[in-house]
Amino acid sequence: MQFKHIFPAVLAVAAVQAQNNTMNLTSLIAGNTDLSGLSQLLQQYPNVATSLASASNVTLFAPSNQALQAVSAVLASAGGNTSNLVQALLDYHTVKGVYLASNITAQPAFPRTMLNMTAYSNVTGGQVVECRLVNNTTVEVISGLKTVANVTQANLNFTGGVVHVINSVLQIPGNFSSVAVSANLTALVGATEATNLTSSIDSLQDVTIFAPSNSAFQAIGSAASNLSASMATQILEYHVINGTIAYSSSLGNTTIPTLGGKNVTITVANSTIFVNGARVINPDILISGGVMHVIDSVLNPNNTQARGNSSETSATAQFSGASSATAVPFTSGVATPTTTIGALITTASQVASGYSSVAPAGGSKSAVASGAGASSSSKAGAAAMQTGAVGAAALFGGAALLANF
Ligand SMILES: *[C@@H]1O[C@H](CO)[C@@H](O)[C@H](O)[C@H]1NC(C)=O
Ligand SMILES: *[C@@H]1O[C@H](CO)[C@@H](O)[C@H](O)[C@H]1NC(C)=O
Ligand SMILES: *[C@@H]1O[C@H](CO)[C@@H](O)[C@H](O)[C@H]1NC(C)=O
Ligand SMILES: *[C@@H]1O[C@H](CO)[C@@H](O)[C@H](O)[C@H]1NC(C)=O
Ligand SMILES: *[C@@H]1O[C@H](CO)[C@@H](O)[C@H](O)[C@H]1NC(C)=O
Ligand SMILES: *[C@@H]1O[C@H](CO)[C@@H](O)[C@H](O)[C@H]1NC(C)=O
Ligand SMILES: *[C@@H]1O[C@H](CO)[C@@H](O)[C@H](O)[C@H]1NC(C)=O
Ligand SMILES: *[C@@H]1O[C@H](CO)[C@@H](O)[C@H](O)[C@H]1NC(C)=O
Ligand SMILES: *[C@@H]1O[C@H](CO)[C@@H](O)[C@H](O)[C@H]1NC(C)=O
Ligand SMILES: *[C@@H]1O[C@H](CO)[C@@H](O)[C@H](O)[C@H]1NC(C)=O
Ligand SMILES: *[C@@H]1O[C@H](CO)[C@@H](O)[C@H](O)[C@H]1NC(C)=O
Ligand SMILES: *[C@@H]1O[C@H](CO)[C@@H](O)[C@H](O)[C@H]1NC(C)=O
């Protein structure tokens, strides 16, 4: 496929398009110079074009020519039938409901997209994106691996809704284990591998996972090394809420049952979300089955005490008597991520703003360290999920980098 030749090498400056509620989507895309790549992509995939043309009551986040270059490179190198992949990708760029730029506020929203093929998502009603307004000026759309796209042309009306042009392609969230590795949650992944829980957690539908950081596991190293397989399983299952996806915007004070049956208590206090005595330190990492929130300590189903005050928490709070280990437990045999993403691993400023905005009015700001940016090394991961299109990993927010056990 000679796909890479069809995009202009230089990003054209788009002319301001007339607003027109009587123009259909095909005409809108064809008439926008910054969407010529999208227009040509749709010509290559007539079935995708037909389904997009019939969409109504939607918001299309349309990747600019420059943004689409990443896709063209992947499709050019992918063998086989890429039609489902392109369909999934455009479904993920199509949000249900008409969101004008003015509908998007500093409070993060998680609107559903059209993406519901089970090969790519296990979120009932459609995988979500995160939208929010930053600095009162920039509309951000956040997708897999916390990839941030900015809206560069807003509010282009068409008969079935509105188009916003974005400067980066949205990434379809990968499965739990691939995203966890990208987030450097290698102790958690090692523990789910050791208990044979990885594949079942990966394929859960509508799930919320509270994911302890590596430091959290290290802090209870003495207890972790003495766990029976059955106890380790109970502990891991205590971190999984099956059947409910709770984004930070919908977390309030509540108790909710976990996969193992016992409840966890969610407390929102002083701009901070707690689950029992653990603190959420990086919320809203999207995964194919739902959402993952990184927490600062390991939960214990035999110590369900809730705390709502950050000064009381410590990584060992749930395991009395546990002491820290020099090595991070469960990580032997788990590959370290070849690409690290600052927004996933540290609590970068973008995390801080999403995090504090869930706080009740009047709450004080949480102490969230500002983090480093992304860094990466060269090795590409294998596809995070079965896609039918070899080489498609670059389009997915999550690469499976697990070692064989
Ligand atoms: C675009 O459509 C919205 C409703 O979806 C409407 O409120 C707005 O006035 C329209 N803008 C223009 C310029 O027609
Ligand atoms: C709006 O779009 C319709 C259909 O494409 C077209 O006939 C009409 O001339 C357009 N109006 C303006 C003001 O661009
Ligand atoms: C979109 O509008 C154009 C111009 O009015 C028309 O030629 C075309 O058939 C329409 N396409 C669809 C899919 O409705
Ligand atoms: C448009 O979509 C939104 C979000 O899915 C939904 O709440 C609303 O009922 C829909 N409106 C119409 C007219 O279908
Ligand atoms: C967007 O804002 C308008 C005006 O406030 C409102 O009528 C509409 O329901 C909002 N749309 C969504 C999808 O929230
Ligand atoms: C996906 O969404 C489409 C359109 O909303 C719907 O017809 C279809 O049944 C859905 N499929 C699944 C697996 O939910
Ligand atoms: C969705 O769940 C099914 C089993 O329930 C699993 O086979 C599939 O891999 C899952 N899809 C993704 C994208 O994780
Ligand atoms: C928001 O403003 C801060 C401080 O001026 C700046 O560092 C940051 O880059 C801005 N972010 C966006 C997305 O505009
Ligand atoms: C955004 O605008 C509101 C009202 O205009 C103002 O109170 C607030 O301080 C602004 N926030 C930022 C981050 O600029
Ligand atoms: C989004 O916009 C902000 C400010 O306008 C900028 O700092 C940031 O780099 C942009 N992000 C991307 C992915 O272009
Ligand atoms: C995990 O599965 C392997 C192979 O099926 C088995 O040998 C091992 O005992 C299992 N471990 C646990 C903790 O169930
Ligand atoms: C990943 O976790 C390991 C073990 O805790 C740590 O040594 C390493 O610095 C972490 N990597 C990043 C990029 O934070």
Side-chain angles (χ1 to χ4, degrees), residues 84-85 87-89 91-92 101 104-106 108 113 115-128 130-144 146-152 154 166-168 171-180 190-207 209 224 227-237 240 242-243 245 259 286-292 330 333 342-343 348-354 356-357 370-371 373 382-389 392-393 395-400 404-405:
N84 271 353
L85 172 61
Q87 181 73 59
L89 196 63
D91 283 350
Y92 191 50
I104 298 169
T105 67
T113 71
L115 178 63
N116 70 354
M117 291 181 226
T118 53
Y120 300 94
S121 153
N122 275 319
V123 174
T124 304
Q127 180 58 278
V128 305
E130 177 179 353
C131 298
R132 68 178 179 200
L133 181 67
V134 178
N135 292 350
N136 283 348
T137 52
T138 306
V139 173
E140 288 187 346
V141 188
I142 302 168
S143 56
K146 294 212 167 179
T147 305
V148 178
N150 286 348
V151 169
T152 53
I166 54 175
N167 66 358
S168 168
Q171 297 205 33
I172 295 173
N175 65 20
F176 154 72
S177 57
S178 69
V179 174
T192 61
E193 287 289 342
T195 49
N196 292 342
L197 286 170
T198 308
S199 65
S200 66
I201 294 178
D202 276 346
S203 57
L204 289 175
Q205 188 169 346
D206 299 332
V207 71
I209 295 172
L227 290 175
S228 65
S230 135
M231 190 56 204
T233 300
Q234 284 176 50
I235 289 172
L236 291 168
E237 289 182 346
V240 178
N242 190 20
I245 309 182
L259 190 57
L286 301 178
I287 58 176
S288 58
V291 72
M292 181 162 79
F330 301 115
S349 56
Q350 76 178 87
V351 175
S353 52
S356 58
S357 63
S370 90
M385 59 190 84
Q386 215 45 50
T387 63
L395 296 183
F396 293 95
N404 294 321
F405 277 75

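Index from 1, following the sequence. One-based numbering, in listed order, for ligands and for the atoms of each.
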> Under the side-chain hydrogen bond (donor to acceptor under 3.5 Å, both in side chains) test, which residues partner Asn116, sequence neighbours left out?
Replying inline: none
> What do we get for Ser203 next to ligand 7 when only non-hydrogen atoms under 4.0 Å count, side chain, backbone, both or neither?
Replying inline: both
> Non-hydrogen atoms of Gly174 versus ligand 7: any pair closer than 4.0 Å?
Replying inline: no
>> Using a 4.0 Å cut-off to any heavy atom of Val134, which atoms of ligand 8 qualify?
In response: 11 (N), 12 (C), 13 (C)
>> So, using side-chain hydrogen bond (donor to acceptor under 3.5 Å, both in side chains) as the criterion, who are the partners of Asn196 when residues are at least two apart?
In response: none
>> If only side-chain N and O atoms count, and only distance matters, is there a donor-acceptor pair under 3.5 Å linking Asp202 with Ser177?
In response: yes
> Which of the atoms of ligand 7 are close to Ala119, meaning less than 4.0 Å from one of its heavy atoms?
Replying inline: 13 (C)
>> Just to be sure I understand the cut-off, which residues have at least one non-hydrogen atom under 4.0 angstrom from an atom of ligand 11?
In response: Ala194, Asn196, Ala229
> Which distance, rounded to the nearest 0.5 Å, do you find between the CD of Glu140 and the CD of Glu130?
Replying inline: 8.5 Å
> Roughly how far, to the nearest 0.5 Å, is OG1 of Thr138 from CG of Leu133?
Replying inline: 7.5 Å
> Which of the atoms in ligand 7, numbered in the order shown and given with their element, are less than 4.0 Å from a heavy-atom of Asp202?
Replying inline: 14 (O)
> Is any N or O atom of Asn175, backbone or side chain, closer than 3.5 Å to an N or O atom of ligand 7?
Replying inline: no
>> What I'd like to find out is whether the side chain of Val207 reaches to under 4.5 Å of the side chain of Ile287, using heavy atoms alone.
In response: yes
> For Thr192, which residues count as a side-chain hydrogen bond (donor to acceptor under 3.5 Å, both in side chains) partner, sequence neighbours excluded?
Replying inline: Thr198
> Should you measure from each heavy atom of Glu140, which atoms of ligand 8 turn up under 4.0 Å away?
Replying inline: 13 (C)
> Is there a nitrogen or oxygen of Ser121 sitting under 3.5 Å from a nitrogen or oxygen of ligand 7?
Replying inline: no
> Any idea which atoms of ligand 8 are less than 4.0 Å away from a heavy-atom of Thr138?
Replying inline: 14 (O)
> Do side-chain atoms of Tyr92 reach the backbone of Val128 as a donor and acceptor pair under 3.5 angstrom?
Replying inline: yes
> Taking only heavy atoms of Thr118, which atoms of ligand 7 are found under 4.0 Å from at least one of them?
Replying inline: 1 (C), 10 (C), 11 (N), 12 (C), 13 (C)
> Are any side-chain N or O atoms of Ser168 and backbone N or O atoms of Ala149, one a donor and one an acceptor, separated by less than 3.5 Å?
Replying inline: no
> Judging by distance only, is a nitrogen or oxygen of Tyr120 under 3.5 angstrom from one on ligand 7?
Replying inline: no
>> Heavy atoms only, cut-off 4.0 Å: how does Asn122 contact ligand 7, side chain, backbone, both, or neither?
In response: side chain
> What atoms of ligand 7 come closer than 4.0 angstrom to any heavy atom of Ser288?
Replying inline: 12 (C), 13 (C), 14 (O)
> Under 3.5 Å, is there a donor-acceptor pair between the side chain of Asn167 and the main chain of Asn150?
Replying inline: yes
> Does the side chain of Leu89 come within less than 4.5 Å of Tyr120's, by heavy atoms?
Replying inline: no
> Between Gln205 and Thr124, do the side chains contain an N or O donor and an N or O acceptor separated by less than 3.5 Å?
Replying inline: yes
